[in-house]
Amino acid sequence: MTLLAALRGRLAGFVGDFLATWLLGAVLIMAFLAFNVLFLVLAERKLAGHFQRRVGPMEVGPHGSLQSIADMVKLLGKQILTPVATDRFVYLLAPLLIFLPTLCVASLIPLAGAEAFANQPYGLLVIVALSGVTVLSIFMAGWSSNNKYSVLGAMRSVAQVIAYEIPVLLAALSVVMIAQTTNLRQIVEAQHNTVWYVLVQPVAAILFFIGITAETNRAPFDIPEAESELVGGFHTEYSGMRFAMFFFAEYTNMLVLAALGATLFLGGWLGPWLPGPVWLLIKSYAVIFVLIWVRWTYPRLRFDQLMSFAWKVLIPVALVNLVVTAVLVHGIG
Amino acid sequence: MGVVVPAGRPSDQELERLAADAAPFVRLAMVEDVLNLCRANSLWPITFGLACCAIEMMATGMAKYDLARFGAEVFRPSPRQADLMILAGTISRKMAPVVQTLWDQMPEPKWSIAMGGCTISGGPFKYPGEYAIAEGAEKFMRVDVHVPGCPPRPEALLAGILTLEEKIKQGRRFGRTR
Amino acid sequence: MSAPTPTPTAEPLDTYTLNMGPQHPSTHGVLRLVLTLRGEKLVHVDPVIGYGHRGHEKMAENRTYAQFLPNNSRQDYLAGVIYNFAWCEAVEKLGQIPVPERALVARVILAEFNRLASHLMWIGAFLLDLGGWTPQLYTWDDREAILFLLESVTGSRLTYCTGRFGGLSRDLDPDFPRRAREVLKKLKDRWQEYEDLVETNVIFIERSRGIGVFSREQCQSYGVTGPSLRAVGVPYDIRKVEPYGAYPRFQFDIPTRTEGDAFARYWVRVQEMKQSVRIIEQALEQLPDGPIIHEKGLGSKKRLKLPVGTQYYAVESPRGQYGIVIVSEGGTEPYRAKFRTPSYANLALLPDVLPGYMMADIVAVLGSIDVIIPEIDR
Amino acid sequence: MAAPAELALLLEQRGWTAQPPTEHPMSGVSESRWIAPAHLVAAAEAAKAAGYFYESLTCVDRLDPHGAFELVITFARWDAPARVAYRVWTPKDAPVPSLAGVFGIAEWNEREAWELFGVGFSGHPKLRWLLLPDDTEFRPLLKSFTAPPPSNYDDSLTAPAAPQDERTDSHTHG
């Protein structure tokens, strides 16, 4: 961290203190997330391979490790098609807009105790608000590409994210009720030497985990881009680097929400020996491993079953959990 | 001087002339090689089975013959995201215009493998007075690699894909650029 | 999704037509369903077939009986052996060509292995249609074991041409029974795994129970046969109703269910696989020695002429009743050959069953009736 | 639960059967009767009432007596190895009453027979192309059909006219 501080000091000389932090932070996050996407794409294909009795990509790099770089460079070199009948401006904007919210959310996750950037008093609320914006760009993509399959996929994604945003919020609320704050750093510090919140709030943890599976459009909730029904779902008409943007956004969203889950329930950067951010990474990759595992095991839920599962099961359970926590906290507090 | 693109389907000579006009003035050999190397190692085929060869194509994607080792197991259903079309099975005359539409919908650096006798020359269904099939994919689209067999074994398709990868790495283009 | 769209007819504004076109991940080949949807609910479906039409029947008219042998297994390539033997048996029956004992039992063994391979492939494809990626890899792995075994006898993996008029082209090697029992043992261990993973999986049951319900009247009106009919409760199986070949010698029963929905069809096929294993075990014990082909049957050398007459010959394929009509004028080539394929009837029932279902169920029901497109289009 | 013999007897009593125009034996079926086209729909309803299902429709382009179509419609039962074949003899231009109202699968079978042979079916909901592309003008399975119009899907445009293959002539008269 001292190297960063020195770099920031020299930069502050040119552009002033605040701008330097902001610039350095943005570059750091963008670089890390780009690296993470490459790693996650490879991890998903290798894990899928091993789940399915095969070895996954082996040709590129030692033991297939550079496969995702080959994918990205190939996608860079692809011709970018814009179908004539699309709504051009909205069609071009959708891929850009899809991963801006996830980048903002990434900057709000506290990496380590003192030096980390994020010390927002209302961090959790901002995060939950921003994570609702990604569905806007999915709908824009689906609607503008003038393809009936895409419109179907877009409609489905809007309904799904609305239905699964609420359990995620309620699960987070029950944690906030215990920690008495919405500042993520204080939530983590509240878990410092007591037991982690995943044990205090097991129901909320499960709800949160199911919610982020649905929010990142991953099976068994991947109905917006259901391969076997809607051909390509909302990104059917996108090719080349634009399609890669959707790929990039999906995996970034996965990491960010997993990190949020780790911060809320698994005690973000707390952990012996290793520095803070490394612990946060280990925990979020554990959550991601379970996400990938679930994807390659379960078939897909039908659209209306998915909705009834959210409205009739998850949300009532979340509300009951909230009430129980309130009674307990009030009783003890 | 803008490159004039004739309306309708350009003939071969015009395509050659267009390719010559549009050739980049500076050949960036290094970038070309890296691009071709990456393209060769991440060929995404389109899920497009026509008949019996489709089962052998699926068998190649499964655990025993494992197309994934060459980075080609991501079967994209939409032609927009695929860059390899494996023509697996008989192309009937009712299906030929659809295959052509799919081929035109795929973004440009695209290749095609004619798998099985039917897509190479009509195979077992070619006889005098035959009315139902298109005798080979060459009749209406460009084919880069032919994999003979009826159906070819999964190893033969793997060999076809590896031959295509060699061809991409050397950046050569055979056959009419239609 | 990419076929030339039909001319826009004046349709009410609240429905729209969607092409589940010749190229779609879950139409099991080049079948095009023109769906008229209101929101996600289906109003009307019009299956457009013919994208896999190759003209087998026209080819039969200028091919001698022996030259037409390779064609049949290319009609239904998942049941290639059964189709190939059906053509041989039809010609043998019309021409009264005797078949030695060993060949009869060997045909039953190869046909039942082919049925197992076809059902295994179907289970993987059905679960893929429901969105589960991984089961297909496992079921295909068992299928590869069977294909490897069949390849050692017949020489090919998918489109077999091992039947001759009067027997088989090559004899089973002495080591075949041992290897066959090994494959059977490997399969039996896998049943338990399938039962736990799939049948108790809530999402699978949720997605397949209660959808695509066939009724007996519909089945009679559309001539549905095979597992789709047995799932409605009718034990109609040609191996029992019109026994052919060596099937009367073996004890096996016909599994049926009564609900007639997608889960019932799944269950019937899994039980049918167990019955096939039972048949193979009995057949392996009773495999007699002796010639594999009858000397009168070596017809491929001289031009085989069949007596004048029309004959209907039916066989049980994994999808239903496969009937061959041979009209012979006494020449060396059939005057007319007609192939009654099971998926043709099973698919024709869909426009009656599907209206009202959602997009995901259309895919599930189409997957549950296990259609092979070149078999429909011939 | 009429056995095939009873159904055949019923057809004869009602006078729906016709004289066989050719002495072409039929095997692989329990009963086979020649049915007059006019009584086809009534006979089919009798079969449906007796518990038979519509199995197959085979259209044969007959040349030897006097150029007509022979339609062989087979019905089978679920519970017994009983198969009844109705054989109908129609001149090439006379339409046959359609069974689409009685059996659902008849619609597709008749569309295919119309498309490949040109047999007319009166009362059929919508005779349109089933297997062949919508713009075909030829009937492929007729014995008189030998080659499709030239197109770039085969060698007809490029290769010189192939010598007429002697085999396709030899079989026309059996």
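Both backbone and side-chain heavy atoms feed into the values below; hydrogens, waters and symmetry mates do not. The structure presented is a predicted model; accordingly, all values stated were derived computationally and were not measured. Chain letters run A, B, ... following the sequence lines, proteins first and then strands; every chain starts at 1.
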- prompt: Between C/L184, C/N114, C/L187, which is the residue that forms a side chain to side chain contact (heavy atoms under 4.5 Å, CB included) with C/I146?
  reply: C/L187
Heavy-atom distance under 4.5 Å to chain B: side chain of [X], backbone, both or neither?
{"X": "C/R54", "answer": "both"}
{"X": "C/I49", "answer": "backbone"}
{"X": "C/L78", "answer": "side chain"}
{"X": "C/L137", "answer": "both"}
{"X": "C/N71", "answer": "side chain"}
{"X": "C/H56", "answer": "side chain"}
{"X": "C/E151", "answer": "side chain"}

Side chain, backbone, both or neither: which part of [X] has a heavy atom under 4.5 Å from chain C?
{"X": "B/C150", "value": "both"}
{"X": "B/F75", "value": "neither"}
{"X": "B/A59", "value": "both"}
{"X": "B/I46", "value": "side chain"}

task: Considering non-hydrogen atoms only, spot the tightest contact between C/D377 and C/G52 and give its length.
output: OD2-N, 2.8 Å
message: Classify the ring geometry of C/H53 against B/Y131: parallel below 30°, tilted from 30° to 60°, perpendicular beyond 60°.
response: tilted
message: Parallel, tilted or perpendicular, judged at 30° and 60°: which one describes the rings of C/W87 and C/F339?
response: tilted
B/K64 to C/W140, cation-pi by 6.0 Å centre distance and 45° axis angle: no
